[in-house]
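Lettering of chains follows the sequences in order, A, B, ..., and the numbering in each one begins at 1. Both backbone and side-chain heavy atoms feed into the values below; hydrogens, waters and symmetry mates do not.
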Amino acid sequence: MLHLVLFLIFGVVCVAGAVNLLVQSHPINSALSLVVVMGSLAGEYLLLGAEFVAAIQVIVYAGAIMVLFVFVIMLLNAGAEERTRGSRIAVLFGIPGLLVGSILLAWVLVARSGSQAVPVGALPGPPREIAMLLFHDFLLPFEVTSVLVLIAIMGAVVLAARPEAIEHTKKEG
Amino acid sequence: MVPITTLHYLVVAAALFVLGVIGVLTRRNVVIVLMSIELILNAVNLNLVAFSRLYGLHGQIFAIFVITDAAAEAAVGLGILIAFFRNKETVNVDEVDLLKW
């Protein structure tokens, strides 16, 4: 019973936050509702028993990435966006597409509705086993990911730096 | 009293995914488009973790990799956005037409 209540609370908060992200016209409100989405998703992960992923979700997503977003919104000082009317082609293709998509989704979900129940904390996912997998079976992808993050950091610095600052560094070095 | 199945988590993930796609397609502000992409990645993560209950821990490992990639993507995307804003003073997607022929 508690599982159902918690799942419903987190799921409703999650989807409501996502809808609010789309409805708000100022980016900072969207960013804050995205934090709500991230937090309630961490709750869903905890219900599934994936404690480590829930912790990573809060630290990396709700912490680091959202701080980056809020920082950039403050830096650009972007105001509320003005809406334009949707084009006719978008309405022509979008509404039938959405209808077909949701019918397809509903059909798949109904056809597969006999899946087994999830008890609370069903996953055997303690950080110890995840570390065993990450540093043993997935060691090469893990190291490649670290190279990827390094390249991303350097790319972000090069992109965001002023051109004259880069010239200055070249002369110094 | 309905038991919570994997299907329920998939429904939440599908809703998040659709909302993210709508955000990418309809919003003009690049920052909000990037946030909608994060929403899509989160929907995929929820699917991976929900399925990892049935098929072992590998789904959670993949979710961790997806989170890492999302961080890298956000950093590079926002860096491009800052470089673009410095040149053209706008954050609207429909005004980003440097490559339009």
Original post:
Can you tell which of A/Leu68, A/Leu159, A/Val37 has the highest number of heavy-atom pairs within less than 4.5 Å of chain B?
Top reply: A/Leu159
**OP:** Counting only heavy atoms closer than 4.5 Å, note whether B/Glu38 contacts chain A via side chain, backbone, both or neither.
**Re:** both
**OP:** Could you check which of B/Thr26, B/Asp69, B/Leu46 has the highest count of heavy-atom pairs closer than 4.5 Å to chain A?
**Re:** B/Leu46
Subject >> Other residues, nucleotides, ligands: >12 heavy atoms within 6.0 Å of A/Phe10 CZ >> reply: yes
Original post:
Highest number of heavy-atom pairs under 4.5 Å with chain A: which of B/Val21, B/Leu34, B/Ile67, B/Thr68?
Top reply: B/Ile67
**OP:** Let me see the working for A/Phe7 and B/Tyr9 under ring pair (Phe, Tyr, Trp, His ring centres under 6.0 Å), right down to the final yes or no.
**Re:** CA-CA 9 Å; A/Phe7 173 82; B/Tyr9 290 97; 4.9 Å; yes
Original post:
Would you say A/Val60 and A/Ile65 make side-chain contact, with heavy atoms under 4.5 Å?
Top reply: yes
Original post:
If only atom types and distance count, is the side chain of B/Ser52 paired as donor or acceptor with the main-chain N or O of B/Gly59 below 3.5 Å?
Top reply: no
Original post:
If you count heavy-atom pairs under 4.5 Å between each of B/Ala15, B/Ser36, B/Ala70 and chain A, which one has the most?
Top reply: B/Ala70
**OP:** Might you confirm whether atom CE of A/Met154 has over 12 heavy atoms from other residues, nucleotides or ligands at distances under 6.0 Å?
**Re:** yes
**OP:** Please look at B/Ile80 and chain A and tell me whether the side chain, the backbone, both or neither of the residue comes under 4.5 angstrom of a heavy atom of that chain.
**Re:** both
Original post:
So, the side chain of A/Glu44 versus the backbone of A/Gly11: is there a donor-acceptor pair under 3.5 Å, distance only?
Top reply: yes
Original post:
Can you say whether A/Ala18 sits under 4.5 Å from chain B via the side chain, the backbone, both, or neither, judging by heavy atoms?
Top reply: both
Original post:
Is there a donor-acceptor pair under 3.5 Å between the side chain of B/Arg86 and the backbone N or O of A/Ala160?
Top reply: yes
Original post:
Quick one: of A/Leu8, A/Ile73, A/Leu76, who has the most non-hydrogen atom pairs under 4.5 Å with chain B?
Top reply: A/Leu76
Tell me which donor-acceptor pairs under 3.5 Å the side chains of residues 92-107 of chain A have, and how far apart each pair is, sequence neighbours excluded?
residue  : atom : partner : partner atom : Å
A/Ser102 : OG   : A/Leu98 : O            : 2.6
A/Ser102 : OG   : A/Leu99 : O            : 3.1

**OP:** Please check if the side chain of B/Arg27 supplies one atom and the backbone of A/Leu22 the other of a donor-acceptor pair under 3.5 Å.
**Re:** yes
**OP:** Give the member of A/Leu21, A/Leu133, A/Ile56, A/Val15 that has the highest number of heavy-atom pairs under 4.5 Å with chain B.
**Re:** A/Leu133
Subject >> Part of A/Leu75 lying under 4.5 Å from any heavy atom of chain B >> reply: side chain
Original post:
Considering only heavy atoms, which portion of A/Val157 lies under 4.5 Å from any heavy atom of chain B: side chain, backbone, both, or neither?
Top reply: neither
**OP:** Following the transitive rule for hydrophobic clusters with a side-chain heavy-atom cut-off under 4.5 Å over Ile, Leu, Val, Met, Phe, Trp and Tyr, establish whether B/Val49 and A/Leu6 coincide in one cluster.
**Re:** yes
Original post:
Is the number of heavy atoms from other residues, nucleotides or ligands within 6.0 Å of CZ (B/Phe65) greater than 12?
Top reply: yes
Original post:
Tell me, side chain or backbone of A/Ala161 under 4.5 Å from chain B's heavy atoms, or both, or neither?
Top reply: backbone
Original post:
Counting heavy-atom pairs under 4.5 Å to chain A, which of B/Ile32, B/Val11, B/Asn42 comes out on top?
Top reply: B/Asn42
**OP:** Show your working on side-chain contact (heavy atoms from CB on, under 4.5 Å) between B/Asn45 and A/Tyr61 and close with a plain yes or no.
**Re:** CA-CA 12 Å; B/Asn45 271 349; A/Tyr61 256 125; 4.1 Å; yes
Original post:
Contact part of B/Val91 toward chain A, heavy-atom cut-off under 4.5 Å: side chain, backbone, both or neither?
Top reply: side chain
Subject >> Which atoms of B/Phe17 approach chain A - backbone, side chain, both or neither, heavy atom under 4.5 Å >> reply: neither
Original post:
Are A/Val72 and A/Val70 grouped together when hydrophobic residues (ILVMFWY) are joined by side-chain heavy atoms under 4.5 angstrom apart?
Top reply: yes
**OP:** Group every Ile, Leu, Val, Met, Phe, Trp and Tyr by side-chain heavy-atom contacts under 4.5 Å, then state whether A/Val58 and B/Leu16 land in the same group.
**Re:** no
**OP:** Please look at B/Ile64 and chain A and tell me whether the side chain, the backbone, both or neither of the residue comes under 4.5 angstrom of a heavy atom of that chain.
**Re:** side chain
Subject >> Largest heavy-atom contact set with chain A, pairs under 4.5 Å, which of B/Val76, B/Leu78, B/Ile82, B/Val31 >> reply: B/Leu78
**OP:** Heavy atoms only, distances under 4.5 angstrom: which of A/Val12, A/Val158, A/Val53 has the most pairs with chain B? Name it, please.
**Re:** A/Val53
Subject >> Residue-level contacts of residues 135-143 of chain A with chain B, using a heavy-atom cutoff under 4.5 Å >> reply: A/Phe138, A/Pro141, A/Phe142
**OP:** Below 4.5 Å from any heavy atom of chain A, which atoms of B/Ala74 appear? Answer side chain, backbone, both or neither.
**Re:** both
Original post:
Below 4.5 Å, heavy atoms only, C-beta onward: do B/Lys88 and B/Glu95 meet side chain to side chain?
Top reply: no
